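All of these numbers come straight from a predicted model, not from anything done at the bench. Any value given below was found using the heavy atoms of this structure, including those in side chains, with hydrogens, waters and symmetry copies removed. Here is how names work: the chains are called A, B, and so on, in the same order as the sequence lines, proteins then strands, and each is numbered from 1.
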Amino acid sequence: MSDRNEIKNQQEALPIFDHRDGLMDAIHNHNVLVIIGETGSGKTTQLPRYVIEEFKNTRVGVTQPRRIAAISVAKRVAEEYGCRLGDMVGYTIRFDDTTSSRTRLKYMTDGVLLREATMDPLLEKYDLLIIDEAHERTVETDVLFGLLKRTKAKRPNLKIIIMSATLNVTKFSDFFDECPIYEIPGRTYPVEILHSRDISKLGTLKSGYVAKTIDTVMHILSKEVRSGDAGDILVFLTGQNEIEQACQELKNVVLEKEKEDRESSSTSSSSRAKSVSLDRLQILPLYASLELLDQNAIFGSTPRNCRKIIFATNIAQTSVTIPNICFVVDSGFVKQKMYDPTTGMDALLVVPISKAAATQRAGRAGRTRAGICFRLYSRESFETEMDDETVPEIKRTGLTGTVLSLKQLGILDVNGFEFLDRPGEEELSAALRELYLMGAIDQYGRMTDVGHGMVMYPVNPLLSRSLVEAEKIGCLDQAIVIAAMLSVEEPFYMPRKEKEQEAANLAHDHYRHPSGDHVTLLNVFEAWQDENYSKDWCHENYFNYRHLRLARSIRSQLRDIVDRNSHHKKDTQKCSSNDQQESQHPHDRKNLGGNSSDSKQSAKTSSSPSLSQLIRQAFSQGYGIHLSKKHQHRPMFYHYLASMLSPSAGAASGTTSSSLLALHVSPLSALYLDEERSLTKYGRKVSRSLEWIFYHEVVYHVKAVMRYASKIDDVKWVQDTMDRVKNFDRGNVWLNGERSEGQLDGMARDVAVDGGETEDSANTKRGSENPAEGESDEQAKKRARLEMVEAARKRALVRRQNQS
DNA sequence: TGTGGAACA
């Protein structure tokens, strides 16, 4: 009883409580509404509950960018509502669905809703949808925006609420015909912001910000003392290495200072500065890949007279809230992915944050009481050098998967789709080109049967294409394992100490398959399976248990999808006319359904290809756009497609330096000969038998290295892709087709290319007042981004040259 | 001497 009263008191103390009537009126009167309120206003937990209480029988969906948020919020709301989780209130995330037929309020990740939309584009399960944390602008959120706008046109009664933290939300409102904006005041404490007096440009600060954070922390420790307890410190840096380094460095500096203090206190009678002692400090790193997020150390309260200093990545800006932070030290930088559509590769770069991000970081100091934010950059840099907002993710990543799901949603003319922020023309074209070359869409931009097969699988398009092929030639079970392994982070664990590295390499060697890394991954998984998915086995053999476990979940999800679908197929096959293209594949006749024992047996028969060959055949279809061919005289490879298509590369970049295209076999790859690995770290020779290989992705090591590569035994395996490359190169038929097939608004594409203006594009671009100027500004920014990517690559290459 | 930031289906 007292529990319930306490809950009630807490609820009524939230700022949103006084706005209940106003909000309900607004939702009654408007079908689309933007609500802004800082974290702590109660909007995420309270508003959806108000809605299901106020509107009887309304089915409400609330999306979150992150799984933990969906889970924890749903749990709390169920408790507050007084029901069991999964009854009236529940959540759905990948691998975990707690909802039931009685659930009326469902929290989920935005990816889940997007996935549901591919089955049911009208989203008829919901009467009201709330997109929460819209300011984070994940790709999924952005696509949902465009999708909901279309859905609303067909279901005018659907209610949509956009919830966001920042004040700069006119963009959201404009997108939905200038719908009303409702503001809930936040409940935060004032944060004093101190800028650095160093007026260097951000570019120069980049080299020295780690050292400066240490200085600043030392300053806070010795000078900034608040009454009572001192208040914890949060430092924003960019990456794991940097953070570990900073933690160590701070410890060293503090030790030195201690020594100094002891010496000076023995000579002089009193020191004005507060003395600092290492045993009264907790210095903690915080980044996502930290083995176990030490809950108590980071989130728990510190002992008396003890101070926490946390060095964190951006994870502390959005995903994780640490209590009792009083001081924030903001380096002004972040690591961001940048995608280069001309090569289809991306690079991870340290770039300045945006003004919005800086404000958010500063806000972390004022959650429990008034605080101070130290910025390591000048006010001028903040005002003039930083972008207002972080570039939305959708403009920074490859869009192949996104475009394919849009096609599945029935959006044939992707160029005419209304994006909240339009991705670059080159990125869209690159995505369409890749889909065409994979055989997922035809020259008119229409989805093929292959494409329909691909969207079933919630994995990277390269992998889903491989799975479609694997089903066709009868090695689906194995391909699913490999696809799952490729969907998780590095399963091979490599210790830091050199001696242990040798042991790890030896352990890994045991599973390496001469044909390459794909079969190797299968070997690893099957070995682990044979050991009953043992954790100890992972440790003994240097594999990452967490990642393998995730791979296992993904594998079973993929198998479920296959099972469900094959039942469906059996049901419909008899009555529908079979207009599927006749396959010319030699192995097509046998074993279409293919369970593992069958295909293993068939692999044994002398005339058929081996299982390893079947698998690589399947994957070489999926990786048709990731082909590389060996250089005739040198131990390197060339990106095959880029060399075929590069003349058509974007005019904006103009950067097609041939050095880009030189790819190397990773020393960690099964294709990299053992004796070389023991000779030199980045050896020179690759097996002579290698001619063609396919690879999963390229990473920038000391040079461009192919991560997960396998042999192609016969160039016929990739003949289909090569034929499509030739077709594509000859006529660009598909681009014309995309335009003529799309309805009128397909013209938007011409606008973007020519810089002209039509009525249709004026509609799609509403919100930017001066399209011509906005466009060129965009282009300039994009060029700058591409140049940064290019610079990073050059640096990597220079490092390599210095090394040899 | 070093590749990865953080998230999701």
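His696(A) and Tyr623(A) have perpendicular rings, their planes meeting at more than 60° on a 0 to 90° scale where under 30° would count as parallel.
Contact between the side-chain N/O atoms of Thr318(A) and the OP1/OP2 oxygens of dA6(B) is not found at any separation under 4.0 Å. For Ser405(A) and dA9(B), the shortest distance from a side-chain N or O to OP1 or OP2 is not below 4.0 Å.
Contact annotation for Leu114(A): no contact, since no heavy-atom pair falls under 4.0 Å across all strands. At the heavy-atom level, Val459(A) lies under 4.0 Å from base atoms of the strands shown. Residue-level contact check: Thr238(A) touches the backbone only, with heavy atoms under 4.0 Å from sugar-phosphate atoms and none from bases. Contact annotation for Arg66(A): backbone-only contact, meaning every heavy-atom pair under 4.0 Å involves sugar-phosphate atoms and none involves a base.
Residue Val699(A) has its side chain nearest to dG4(B) when only dA9(B), dG4(B), dA7(B) are considered. You'll find that the side chain of Glu697(A) is closest to dG4(B), out of dA6(B), dG4(B), dA9(B). For Gln501(A), taking side-chain heavy atoms from C-beta onward, the closest of the listed nucleotides dA6(B), dG2(B), dA9(B) is dG2(B). Among the nucleotides dG4(B), dC8(B), dA6(B), the one closest to the side chain of Arg67(A) is dC8(B). Candidate nucleotides dG4(B), dA9(B), dA6(B) were compared by shortest atom distance to the side chain of Lys335(A), and dG4(B) ranks first. Listed nucleotides dA9(B), dG4(B), dA6(B) differ in distance to Glu393(A); the shortest reach to its side chain belongs to dA6(B). Side-chain proximity of Arg115(A) to the nucleotides dA9(B), dG5(B), dG2(B) is greatest for dA9(B). Side-chain proximity of Leu348(A) to the nucleotides dG4(B), dA7(B), dA6(B) is greatest for dG4(B). Distance from the side chain of Pro458(A) is smallest for dA9(B) among the nucleotides dC8(B), dA9(B), dG4(B).
Sequence order on DNA chain B of the closest nucleotides to Gln240(A) and Gln557(A) puts Gln240(A) first from the 5' end.
Taking atom CD on Glu490(A) and atom C1' on dT3(B), their separation rounds to 10 Å, with Å as the unit. The CG-C1' distance, from Asn544(A) to dG4(B), rounds to 13 Å in whole Å. At whole-Å resolution of the value, OH in Tyr287(A) and C1' in dG4(B) are 12 Å apart. Atom-to-atom, CD1 of Ile71(A) to C1' of dA7(B) comes out at 13 Å; the value is rounded to the nearest Å. Regarding Arg396(A), its CZ atom lies at a distance of 14 Å from the P atom of dA7(B), rounded to whole Å. Computed from coordinates, the Met108(A) CE to dC8(B) C1' distance equals 14 Å when rounded to whole Å. Per the geometry, OH belonging to Tyr708(A) stands 17 Å off P belonging to dT3(B), to the nearest Å. For the pair Glu244(A) CD and dG4(B) P, the interatomic distance rounds to 16 Å; values are reported in whole Å.
For dG4(B), the O4'-C1' to base torsion is within 90° of 0; the nucleotide is therefore syn.
Applying the side chain to side chain contact (heavy atoms under 4.5 Å, CB included) criterion to Arg552(A), with sequence neighbours excluded, gives Phe525(A), Trp528(A), Tyr533(A). Residues that satisfy the salt bridge (Lys or Arg N to Asp or Glu O under 4.0 Å) test with Lys335(A), not counting sequence neighbours, are absent from this structure.
Not one N or O on the side chain of Arg137(A) forms a donor-acceptor pair closer than 3.5 Å with the backbone of Asp142(A).
The six-membered or imidazole ring of His626(A) lies away from that of Phe694(A), with a centre-to-centre distance of 6.0 Å or more.
Here the side chains of Ser666(A) and Asp517(A) are not in contact, with every heavy-atom distance at 4.5 Å or above.
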